[in-house]
Amino acid sequence: MPEGHTIHALAERVRRAFGGRPVAACSPQGRFAEAARLDGARVLDARAYGKHLFVDVEAEILHVHLGLIGSFPVLPLAGAPAAPPVGRVRLRLVGDDHVADLRGPLICALTTPEHRDAVVAALGPDPLDPNAAEGRGWDRLRRSRRTVAELLLDQGVAAGLGNVYRCEVLHRHRLDPYSPGSALTRASWEALWTDLVRLLPLGVAFGQIVTMPDDIVEAERLLARDAVSDYTASLTGERLGDYFERRFAVYQRAGEACPRCGHAIRADKVGGRTLYWCPSCQDRH
């Protein structure tokens, strides 16, 4: 499932490609007849809230949630007409120089400002929102007997967080994923939240999840020098970024050695997703 950094990057991509200009809209698959209401209208804004994308298209608001398998790449046309859609395209947007094809979404609907506000109000703080109140997530987490691993996938605790970040940040902070939320200290939550605020912008910039310490240092160095803006702008969302080697401390490494203590990493289903963790060194609350 695309995590929050992917949706924030998508919102930026939609703004760059279509912002302020009219789009041609259709539903090649035929399952989104409301696309006709977007056809010829100007895209005014696109914003992400956790894993939800809202696109303001004049009098309409397009609500998209990619779910488990959805994708919404924004591709340059390079002076040529848009190629015929491939696969089951729920919605196609075509502008002067870009085309975007939405496939396999959980949600593709036109909605109202009231419904958008209700969706956003139900979400927890988003680490990519500079005005997020992390205390809202803490209040929900500390009152729960569910495991910390479950709660980190609860969008009411941290909007946009998915399984990869869950596994990696719990390991980075040596937190026991099976401890109840009520056992987590405020200091641990604040350290975890601060780490998410640090990590997710790297995901937006590089189009991939960056959690290994040496990669984080290099990514932050490049961002501080404004050395990757062209790379970021070149990303279409069609595939993951490849600036860094795809590697993690624990995610999808069951049976391998923990990079911190050498103990075998374990895997189990928690919250409907496969949790990867080290039972030896993840012992904090």
Side-chain angles (χ1 to χ4, degrees), residues 1-20 43 45-55 64-66 70-76 95 97-100 102 123-132 134 137 152 155 158-173 191-252:
M1 176 183 289
E3 303 197 25
H5 71 285
T6 301
I7 311 306
H8 279 264
L10 172 57
E12 291 183 10
R13 207 169 285 129
V14 169
R15 288 195 297 269
R16 286 198 305 266
F18 305 116
V43 172
D45 195 13
R47 297 190 65 185
Y49 300 88
K51 298 181 181 181
H52 296 263
L53 173 71
F54 293 95
V55 183
V64 172
H65 189 300
L66 294 181
S71 65
F72 202 3
V74 181
L75 303 173
D97 45 24
H98 287 82
V99 58
L102 174 63
L123 296 173
D126 185 334
L128 284 163
D129 177 358
N131 299 313
E134 54 82 19
L152 286 184
Q155 298 301 292
L161 203 64
N163 193 36
V164 183
Y165 282 119
R166 169 181 75 162
C167 297
E168 291 294 297
V169 296
L170 285 173
H171 182 265
R172 281 170 60 78
H173 293 272
L192 188 150
W193 175 261
T194 299
D195 206 23
L196 292 172
V197 170
R198 179 187 185 188
L199 295 178
L200 266 72
L202 305 183
V204 174
F206 291 92
Q208 62 184 121
I209 294 176
V210 180
T211 58
M212 298 300 287
D214 54 338
D215 289 343
I216 292 170
V217 170
E218 176 64 6
E220 291 180 330
R221 184 185 71 83
L222 291 168
L223 285 176
R225 294 172 48 207
D226 193 27
V228 293
S229 56
D230 288 345
Y231 177 79
T232 301
S234 74
L235 297 172
T236 66
E238 195 170 24
R239 58 184 59 87
L240 295 175
D242 58 3
Y243 199 99
F244 296 99
E245 179 186 354
R246 181 174 165 82
R247 59 194 182 104
F248 302 106
V250 292
Y251 180 70
Q252 292 187 336

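Throughout, residue positions are numbered sequentially from 1 according to the sequence presented.
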- Item | Plane angle bin for Phe248 and Tyr251 - parallel if under 30°, tilted between 30 and 60°, otherwise perpendicular | perpendicular
Any side-chain heavy atom of [X] within less than 4.5 Å of one from [Y]?
| X | Y | answer |
| --- | --- | --- |
| Thr236 | Pro76 | yes |
| Val217 | Arg221 | no |
| Leu202 | Leu223 | yes |
| Val169 | Trp193 | no |
| Met212 | Phe244 | no |

- Message: Run the side chain to side chain contact (heavy atoms under 4.5 Å, CB included) test on Phe72 and Leu53 for me, step by step, so that the C-alpha distance in whole Å, both residues' side-chain angles and the decisive distance to 0.1 Å come before the verdict.
- Response: CA-CA 11 Å; Phe72 202 3; Leu53 173 71; 4.3 Å; yes
Work out which heavy atom in [X] is nearest to a heavy atom in [Y]; give both atom names and the distance.
| X | Y | answer |
| --- | --- | --- |
| Gly237 | Pro73 | C-CB, 4.0 Å |
| Glu3 | Lys51 | CA-CE, 4.3 Å |
| Val74 | Ala100 | CG2-CB, 4.0 Å |
| Thr232 | Val204 | CG2-O, 4.1 Å |
| Tyr243 | Tyr231 | N-OH, 3.2 Å |
| Ala159 | Pro127 | O-CD, 3.4 Å |

What distance separates [X] [atom1] from [Y] [atom2], expressed to the nearest 0.5 Å?
| X | Y | atom1 | atom2 | result |
| --- | --- | --- | --- | --- |
| Leu123 | Asp129 | CG | CG | 11.0 Å |
| Leu128 | Leu199 | CG | CG | 10.5 Å |
| His173 | Asp195 | NE2 | CG | 3.5 Å |
| Leu200 | Thr6 | CG | OG1 | 9.0 Å |
| Glu220 | Asp215 | CD | CG | 11.0 Å |

- Query: Distance-only, no hydrogens or angles: does the Gln155 side chain make a donor-acceptor pair with backbone N or O of Gly124 under 3.5 Å?
  - Reply: no
- Query: Given Glu134 and Leu196, is the side chain to side chain contact (heavy atoms under 4.5 Å, CB included) satisfied, shown in steps?
  - Reply: CA-CA 11 Å; Glu134 54 82 19; Leu196 292 172; over 6 Å; no
Indicate every side-chain donor-acceptor pair of residues 7-19 with a distance under 3.5 Å to a residue at least two apart or in another chain.
residue	atom	partner	partner atom	Å
His8	NE2	Asp126	OD2	2.8
Arg13	NE	Leu235	O	2.9
Arg15	NH1	Ala46	O	2.3

- Message: Could you check whether Arg247 pairs with Asp214 (Lys NZ or Arg NE/NH1/NH2 to Asp/Glu carboxylate O, under 4.0 Å)?
- Response: yes
- Message: Please determine whether side chain to side chain contact (heavy atoms under 4.5 Å, CB included) holds for the pair Leu240 and Asp242, giving the CA-CA distance in whole Å, both sets of side-chain angles, and the decisive distance to 0.1 Å.
- Response: CA-CA 6 Å; Leu240 295 175; Asp242 58 3; over 6 Å; no
- Ring centroid separation for His5 and Tyr165, is it under 6.0 angstrom? yes
- Quick one: do Ile216 and Arg172 satisfy side chain to side chain contact (heavy atoms under 4.5 Å, CB included)? Show the steps, please. CA-CA 12 Å; Ile216 292 170; Arg172 281 170 60 78; 3.3 Å; yes
